[in-house]
Each structure stands twice: as C-alpha cells, then as structure tokens.
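This report concerns only the one structure given below.
So that the names make sense, note that chain A is the first sequence line, chain B the second, and so on, each numbered from 1.
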Amino acid sequence: MSTILIVEQVLNGLQFGVMLFLMAAGLTLIFGVMGLINLAHGSLYMVGAFVAATVAAATGSFLLALVAAMGAAAMAGALIEMTVIRRLYHTDHLDQVLATFALILIFSEGTRWIFGSFPLYLSRPEALAGSVTLPFGIEYPLYRLALIGAGLAVAVGLWLLIAKTRIGIQIRAGENDREMIAALGVDIRTLYTFVFALGAALAGLAGALVGAIQSVQVGMGEPVLILAFVVIVIGGIGSIKGAFVGALIVGLTDTLGGIFLPELFKLAMEPAAATQVGASLSSMAIYLLMAAVLIWRPTGLFGARTA
Amino acid sequence: MTRESFVNLALLTALVAVPLWAWVAGEPFTITLATRAVIFALAAVGLNLALGLGGMVSFGHAVFFGLGGYSMGILAHHAQNFLPLYDGLIVIEGTKSMPVIWLVAIVVSALAALLIGLLSLRTSGVYFIMITLAFGQMFYYFAISWRAYGGEDGLSIWVRNDFPGLNTLAPIQFYGLCFALLLAALWLSARIARSSFGLVLNAARQVPGRVETVGLDGQRAKLVAFVISGAITGLAGALFADLNRFVSPTMFSWHMSGELIVFIILGGAARLFGPVAGAVLFVAMEHVLGDLWDHWHILLGALLLVIVLFARGGLIGLLAGKARNHD
C-alpha cells in the first residue's frame, strides 16, 4: 500500500467529513437551541442540490447556483419552521419525529412530482475542474480540495458567528434559558426562525456542493441525514465542536475503512473471503464506532447535558 | 360496552368479513391486501409494546422485521436449493416448515433486540431514537453487502412455505394463519398491559425515579419489553417475506421503521387496537390513493401532519373519543 493512496484516502475522508459537518452543524444547532429533532434536514439538503442543478443549468454559473441553493433551502426552512416546526417545540420527541417524517414524505414525493425520477446532473465549475499536484507528487482533484476548504471556512465562520456576534450571544443564551432571554426583550420566535433557516442554508449548501460530485436525485439526503445523526450522537447533541470532531471521525472511518479493512483481512484470510468480510464490516464500521462511544460515554464526546 | 371496544369489535368483524367475502366472490387480490394489512398490524402491535407501553421511541424496528424476513429467506433458500445451512460436525438443513421458521425468526429477533436494547437503553430521549435508527442502518448496509444471500437484489423463494394441515398457497388459508397470529399478539399485549410487569413498565415510562425508589428495576422491565416487542415484529417479518415470497434489504430500511411508527399513530397511540386500525388505513390508502395518484405519499404526509398537530387520537380517537386512562 503506497503513501500516495493513503494520502488520497485521507483527503477523501476529510472532504466527506467536512460535508457531513455542514449537515450535522445545522442539526445540532437546531437541537441545542430549540430542543427539536429534525428528520427533514435531509430534505433541505436535497432542495439545495435540486435548486443548484436547475440554476446552474439555466445560467451556467456555479457561484450563482450555490447562492440560490442556500437561499432556497433557507427559505424552505423558514417556511416549514413558521408553518409546522414552531408547533412542535413543546411536544415530545415522538411527535417531532412523526411530523418531520411527514415533511420528508411531502418533500421527496413533491420533488419527484416536479422533477421526475431521473437524476439531474450538476457539473463542477470550470475553474475547479482539473487536478492539482500536491507535495510527494500526489495528484488530487481540485474540486474536492475546494470542498475541504469551503467546509473549513464555514466551520470558522460559524464559530465566529456564535462566539463573537450579538446574534451568537442570543443563540447561546437561548440554549441555556429561553424564558430569561425572552424576558430580556429578545424576540425568541424570530431567533428560532433564524436558527432554523441558518441550519437549512448549511444543509442546502452541502447538498449543492456534493451534488456536483454525485447525481442529484430524490432521496439523496437520507443517507447523509442518518450519517449526520451518527455524527452528532458521537460528538454530543447540541455541541458544534462535537459535530466538527464527530464529522471528521465519521468521514475518515467510513472512507478509510472501506479501503483498508479488506486489506487488513487479507493478511489472515483468502483474498475473496477477505474482500467480502472487509466490505461488510466497513459498511458497519461507523455504527460499531458509535456503539463503542456510547458505551464509553452515553452523551457523546462533547455532550455535557442529558437529552 | 364502551365506544372504543365497539370500534375494536367492528374492526375485527371487518377483518373477518371482508376476506371471507373476497374468498366467496373470487377476489384473491383483496385477500392479499388484507393479509398485508394484518401482517403490518402484527409488526406494529409488536412495536407498540415498546413505544406505547414502554415509551421507547424505537426508530429501528425494521431491524427485527428484516431479521424475521431473512430468517425465512435463508432457511427456505437452503431448503429449496438442497444446500445444508451448516455442514460440519452436525449438518443443519434449511426448512420450508412455517412453525420452525417462525421459531427461528422469533429467537433471532429476540436476541438482536436484547443486544440492541442493552446498548440503546443506556441512553434515552433523542439519543435513543437516533441510536435505534443507526442500528437499523447498520443492518441495512450489512444486508446489502452480504452477497451470499443476494446482497442488494434480495432472495426469491419459489413456493410459499408449508404449515401442517393447511394449504398455504390458498390466499384465504394463509390469511387465516396471519390473522390468528395477530389475535394472539393482541391477546398477549392486553395481558402484558394488565400484568404487574405491565404496570411496572407503565410506571417506568411515566415516573422512572419513583419506580426505582420503591425498589423495582424499571430499566430491566424496559429491556424485557423491548425484547418481546422485537420478537413479535420479527415474526411479522417472516410472514411478510412469506407473503411476497421475497426478502430484500428494503425490509431493513429506515422507511420501514418510520412506517411502523406511522401505523401506530394513524390508528391512535396508546390504544390496543391502534396499530391494527393504522395498518388497515395505511394499506387501504396505499391501494385506493396509490391507484388514483402516483404521488399519494404527499397526501399521506399531509394526513400525518394533521394527525400529529391537530388530531392526536388518530383514527380510533376520532371514532371512539378520548381514551379513558389518558396520560
């Protein structure tokens, strides 16, 4: 196994990880501030990808497509927050699960109704089309490198927003004591809508960015959503830092496990059997990891409070 | 007789009368639909033990449904191809006998429920929901990658399995079997709810702290309920596979887990017959609306939203009014 392959796979894992972070950050923020479990987060990811593909096809501009994807996802998020989600903050988790599951049904089937069942294609921008040569002569696609950069930039931006700005203070205060912050004159309803729309915009951005390396189709958000759940369970629900660390762990485990586990088993088994066992095990690896984390720390790596 | 027991009786009567009418009238497809509804109802009755009585919102019950399905698929696959399941010191053959398959399905699902329950019950609330969901995905991906049993394509079984003394190929006889199992599961649920074990479980859901204070082990009661719940759903999975003569990883998918919860809520949470009413309503909608409009899931979603936001009692709640012991 060459160094080049290892470095490439680590980069792939990082790229996957930062995209998962964009999803997980919104989920964990919404849970931390509003106490809501949102299954429809994957639908917002899908909305972002479809809008990006449509806008890119119409205008030819990838940047415009990204902006439109974020805008549309944020608007869809704000809309469902004001019509449905708002009524769920004071209900139990079962109601939240059901109502957001209902939203998935409506979003997925609605998208299939409008766009049909065939996948759309979103091509990556011209400027990021080629590959670059990294140190040690490693060729790596520029677009994937840009994804890592974009994900890290969003992570920093989110940290600045929450740690340094006035709205960030309000969000953190909302996590701790919603009555008190409402009593201090902060419009908590608008704040909640903003947080939800922010999470939605991040999901939409992730959908658009990933849409350029995968096909854009109905149901594309669901596997990502479930991985994002694994991420925030590992990281600790409500913690952005946990979401970041968890996303990188899951991204790397999933990518590296698929490559190295079959190789590892080949040391002890016949190649065909090793490939089979390795593939099965690597598809389960992140869930086994999650189970291990939970045995060790039932509230996740950075989760302080019980859910 | 309360209005609720009247509604329950009407539901049971319909589940006997409609298939019988279809049998006399020569409408085998209606019987198949009714069988589908009854099997879904059985799976949801299983889930309701965990969700309704124990307050454990399991978003991974498709695991047990799928394990039941694959128990049937693997045993029948080996039997129909005359390949022994295990060929070592002792030889284990596959089988086409339903009672044996059911037993295997129940034992396998119960063991899986024990393992998943032991891990998941360390947590509660949202964590529990997400962990059960993640375990479901784990089994789903495992089934996809397990090529020996069809991988993504699943396994086809050529002929429905046998039950001593019955011709299971006749739709009405297979329906009768499934219906009898549903009645047995309902009876068991009602017994559990009234037993001292059920009372502990009920209390552990509502006031876990006090249960411990009086020296009862609420967590253990929850685990036992989770295991029984998984076993019943597993049995339903074996029947479902037999109905379709096909198993595939979609039985493990999280949509399946979601739909099982939807059955309970459509029918009415915290009601013995809620899962039955919900499954019947779902299959009826799937058939009627699905024929009218390809995108009927939009309507299902809208209905579900209305029930969650405005009509908490579901179908039985609408028909029978508020539950007597509402909590």
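Within a 6.0 Å sphere centred on CZ of A:Arg172, other residues, nucleotides and ligands contribute more than 12 heavy atoms. For A:Met75, the CE atom is loosely surrounded, since the number of other residues' heavy atoms within 6.0 Å does not exceed 12. Crowding of A:Arg87 atom CZ: a count of heavy atoms from other residues, nucleotides or ligands under 6.0 Å not exceeding 12.
Contact annotation for B:Leu305: both backbone and side-chain heavy atoms come within less than 4.5 Å of a heavy atom of chain A. Heavy atoms closer than 4.5 Å to chain A are found in the side chain of B:Val57, but not in its backbone. Within the 4.5 angstrom heavy-atom criterion, only side-chain atoms of B:Leu51, from C-beta onward, approach chain A. In this structure, chain B has no heavy atom under 4.5 Å from any part of A:Ile286.
Taking all atoms of both residues into account, the shortest heavy-atom contact from A:Ile37 to B:Val126 is CD1-CG1, 4.0 Å. In this structure, A:Leu294 and B:Arg122 approach most closely via the heavy-atom pair O-NE, 3.6 Å. Considering all non-hydrogen atoms of both residues, A:Ala291 and B:Phe135 come closest at CB-CZ, 4.2 Å. Residue B:Asp294 comes nearest to A:Glu109 through the heavy atom pair O-OE2, 3.9 Å, listed as atom of the first residue, atom of the second, then distance. Here the shortest heavy-atom pairing between A:Ala102 and B:Gly301 reads CB-O, 3.3 Å. Minimum interatomic distance between B:Tyr127 and A:Thr299 (heavy atoms only, all atoms of both residues): OH-O, 2.9 Å.
Checked options B:Leu266, B:Leu309, B:Val262; the residue passing with A:Leu98 is B:Val262 (criterion: side chain to side chain contact (heavy atoms under 4.5 Å, CB included)).
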Kindly determine whether A:Leu39 and B:Phe59 satisfy side-chain contact (heavy atoms from CB on, under 4.5 Å), including the steps that lead there.
-> CA-CA 11 Å; A:Leu39 295 182; B:Phe59 210 128; 3.4 Å; yes
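For the pair A:Met290/B:Met138, no side-chain contact is recorded, criterion being any heavy-atom separation below 4.5 Å from C-beta on.
Of all residues in residues 223-234 of chain A, those placing a non-hydrogen atom less than 4.5 angstrom from a non-hydrogen atom of chain B are A:Pro223, A:Leu225, A:Ile226, A:Phe229, A:Val230, A:Ile232, A:Val233.
Taking OH of A:Tyr287 as the start and CG of B:Leu133 as the end, the distance is 8.0 Å to the nearest 0.5 Å. With rounding to the nearest 0.5 Å, the separation of CG in A:Asp95 from CD1 in B:Ile307 is 11.5 Å. Between atom CD of residue A:Glu222 and atom NE2 of residue B:His255 there is a gap of 3.5 Å, rounded to the nearest 0.5 Å. Rounding to the nearest 0.5 Å places CG of A:Leu94 at 4.5 Å from CD1 of B:Ile265.
Counting heavy-atom pairs closer than 4.5 Å to chain B, the top residue among A:Ile104, A:Ile106, A:Leu288 is A:Ile106.
A perpendicular orientation is assigned to the rings of B:Trp293 and A:Trp113, their planes being inclined by more than 60° (bins at 30° and 60°).
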